[in-house]
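Reading through the structure tokens given below for one structure.
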2 protein chains.
Amino acid sequence: MNRIPGRMPTTPPTLADVAERAGVSRQTVSNAVNNPDLLRADTLMRVQEAISELGYLPNRAARNLRTRSSHLIGLRIQPVQEGTANATMDRFVHSLVETSREAGYHVLLFSGDVGDPLAGYDDLLRSTAVDAFVVTDTYLGNPQATWLDSRRAPFVAFGRPWDNPGATHAWVDVDGAAGCRLATDHLLDKGHERIAWIGWRKDSFIGEDRRSGWHGAMHARGLPTTGLASRVEDTVASGRSAAGVLLDEARPTAFVCASDTLAMGVLHTLHERGLRAGDDVAVVGFDDSQVAQVVRPGLSSVRQPLEEVAVEVVSALEGLLGHPRVAHRGVLLTPTLEVRDSSGPDRR
Amino acid sequence: MNRIPGRMPTTPPTLADVAERAGVSRQTVSNAVNNPDLLRADTLMRVQEAISELGYLPNRAARNLRTRSSHLIGLRIQPVQEGTANATMDRFVHSLVETSREAGYHVLLFSGDVGDPLAGYDDLLRSTAVDAFVVTDTYLGNPQATWLDSRRAPFVAFGRPWDNPGATHAWVDVDGAAGCRLATDHLLDKGHERIAWIGWRKDSFIGEDRRSGWHGAMHARGLPTTGLASRVEDTVASGRSAAGVLLDEARPTAFVCASDTLAMGVLHTLHERGLRAGDDVAVVGFDDSQVAQVVRPGLSSVRQPLEEVAVEVVSALEGLLGHPRVAHRGVLLTPTLEVRDSSGPDRR
DNA sequence: GCGCCGGGATGGATCGATCCAACGACGTAC
DNA sequence: GTACGTCGTTGGATCGATCCATCCCGGCGC
């Protein structure tokens, strides 16, 4: 509605221009924008008219300088992993951008060395370029948290402080164990009893958490797990060979995997052996990637509620940056299960 | 190296702090940062020491206000399309962030209504939040270009001005026709003669461009194309049914598709009919998505050189924003072909 | 009639880096 | 010894929005 037709003037109108046009002082215009209830109704109206006539919008730089805040949120992104099915970032980034916008923030992307988890944060912080960070790459501990804490930098982590349960910063995470329990129960309900696990190496906190979901679900029904688990790297090839070994040695009728990438490896092995995914051996992955959605047969997969994660993250940020500051404890969200053909039919 | 150990002071050091510590004036410090060659060697040294001792970095907001530039580049992102294999954005965004960083820019994400292609641009422009835009969503014409031009807003488009060949703005694009020619020639060289095309509806400029690559390659060898082409929506289901119809009516031995999503549809149909992708019928997709990389059999696919696109885009931006301004004509890059098992064996 | 009160509007100062015009020191030429 | 040019440096003004203390004016009580 406020869009101005025609050419942009050489220099955008300033608050002073609006003040002059409306016949009031600068402060009054500022109040009209930031504290409308301080003005008398008729004055407010007059100022607002001038604002929309000129197409005025506060200059960001000036406002940032004065208020010492940029309304920008820093998010570090890492290279796409080719050859895997990992795709949480894309979905999360979009949700975050959308939710941030509603809260009046924009997202500033920066890139980081894969080696140095702190690279990039420092400069943005010291140059007061962002108000806060969203830290996502916490798969192997979270040195960023400690460091950002020591710099008194506001931030919210997507991922629990695995390596430091006493940490007091705000975080949001998805309950991977619950997701894998969901997947495993789903298969158990279909009548499977020998359900194998293919997950990540032991140094991955997330991997062990997801594994515990499978493990817990099996034990809750008094079923054995010995020899049914494998821990490998997160690649299709690893999933493929792990599935081969498990099929030979443990004869599982179903697989639960820590990622869609690994699940794709399982599908490969099944096909090589002439086994039908779903009908002969059931498979469930994790992340509900595009791959899971378009592959044949459709890959059942645990889906993280990234939209909700973004909402919680932004709400935590608002608490951190608002006045007064509202402490935000950790939030744990529950994923859902997308059932597709790789789950197979009921076996009972 | 400049990273300060320990706690962040409550307020970061300013240029005046550095000046005082080094025993010089503010302007001298500013010169040390922006025009080092104006200072005498010993003065420069002294100032630089003070800078690193204090961990000084120019305040972004103040610099932005004074120089009337934010060193931010706006990029509008759209929701992930679930159920498709489309994944160019993710790779491109990362390349852009990385390349921008080297040029001293950061990337600001904003979201847009799918309906209104102009949403979001206006506010950022009027509030002087970004120096320029990178416009990507130009699949159906590019109203943004005309509009941004009229607002005198600097921008670079990833995508040709299809609907307005006379447009003078800077753009970078990937030669889709060349990519499809590459794919088709690849299959022709393997001995295929009846190669089918599955592409997008006629209103897509990009789709028609890619199609022309297939069409041209076929005609160059004197092969017929009649009845071998299908134009559908970009979904797996459409690709699947289009492949079915073509197999029944035209008996092709190979498919070239406008997207990996459509190619996945072809793979589905082949499997349903007991045909082996690669061995019986060859398939080539477009975009080299994660799906193409992890599916079985591996899907041959045309890969866009997004890293190069980012480099060209940033170089164009530097031209637009630099002094003096350097005009940047359109740049057309050539994609490559990733050959995988779905190409099948040599038939000769 | 005088003084007090309070919502509302006002001009000046401020945030921190950069631009500008002027100034000081030093060396050279006459 | 004085005039002049150059290089490096200096304080003040500036960008635009917001904070602060002040001021204005109508209404009310005594």
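Not measured: the values here are computed from a predicted model. Side-chain atoms are counted along with the backbone in the values below, which use heavy atoms only and exclude waters and symmetry mates. Below, chain A is the first sequence line, B the second, and so on; all start at residue 1.
- Ring-plane geometry between A:Phe92 and A:Phe158 is classed as tilted, the angle between the planes lying from 30 to 60 degrees on a 0 to 90 degree scale.
- The only member of B:Ile77, B:Val130, B:Leu124, B:Asp123 that meets side chain to side chain contact (heavy atoms under 4.5 Å, CB included) when paired with B:Phe110 is B:Leu124.
- Axis angle, first five pairs versus last five pairs of the helix from C:dG1-D:dC30 to C:dC30-D:dG1: 60°, rounded to 10°.
- Between the side chains of A:Asn59 and B:Arg126, no donor-acceptor pair of N or O atoms lies under 3.5 Å.
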Contact state string [nucleotides 10-18 of chain C, B base, S sugar-phosphate only, - no protein heavy atom under 4.0 Å]:
BBBBBBBBB
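- Applying the 4.0 Å criterion to OP1 and OP2 of D:dT9, one finds that B:Thr43 has a side-chain N or O inside that range.
- At a threshold of 4.0 Å, the pair B:Glu307-B:Arg91 counts as salt-bridged, since one of the basic side-chain nitrogens sits closer than that to a carboxylate oxygen.
- Remark: C1' of C:dG7 and CG of A:Asn35 are 14 Å apart, rounded to the nearest angstrom.
- The NE2 atom of A:His328 sits 5.5 Å away from the CD atom of A:Glu312 when rounded to the nearest 0.5 Å.
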Would you tabulate the side-chain donor-acceptor contacts of residues 98-106 of chain A under 3.5 Å, counting partners in other chains and residues two or more places apart, or write 'none'?
| unit_1 | atom_1 | unit_2 | atom_2 | d |
| --- | --- | --- | --- | --- |
| A:Glu98 | OE1 | B:Ser111 | OG | 3.1 |
| A:Glu98 | OE2 | A:Arg101 | NH2 | 2.7 |
| A:Thr99 | OG1 | A:Ser95 | O | 2.6 |
| A:Ser100 | OG | A:Leu96 | O | 2.6 |
| A:Arg101 | NE | B:Ser111 | OG | 3.3 |
| A:His106 | NE2 | A:Arg60 | NH2 | 3.4 |

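- Within the model, atoms CG of B:Leu306 and CE of B:Met89 stand 10.0 Å from one another, a figure rounded to the nearest 0.5 Å.
- The CG atom of A:Asn64 sits 13 Å away from the P atom of D:dC19 (whole-angstrom rounding).
- Between A:Arg66 atom CZ and A:Asn64 atom CG the span is 13.0 Å, to the nearest 0.5 Å.
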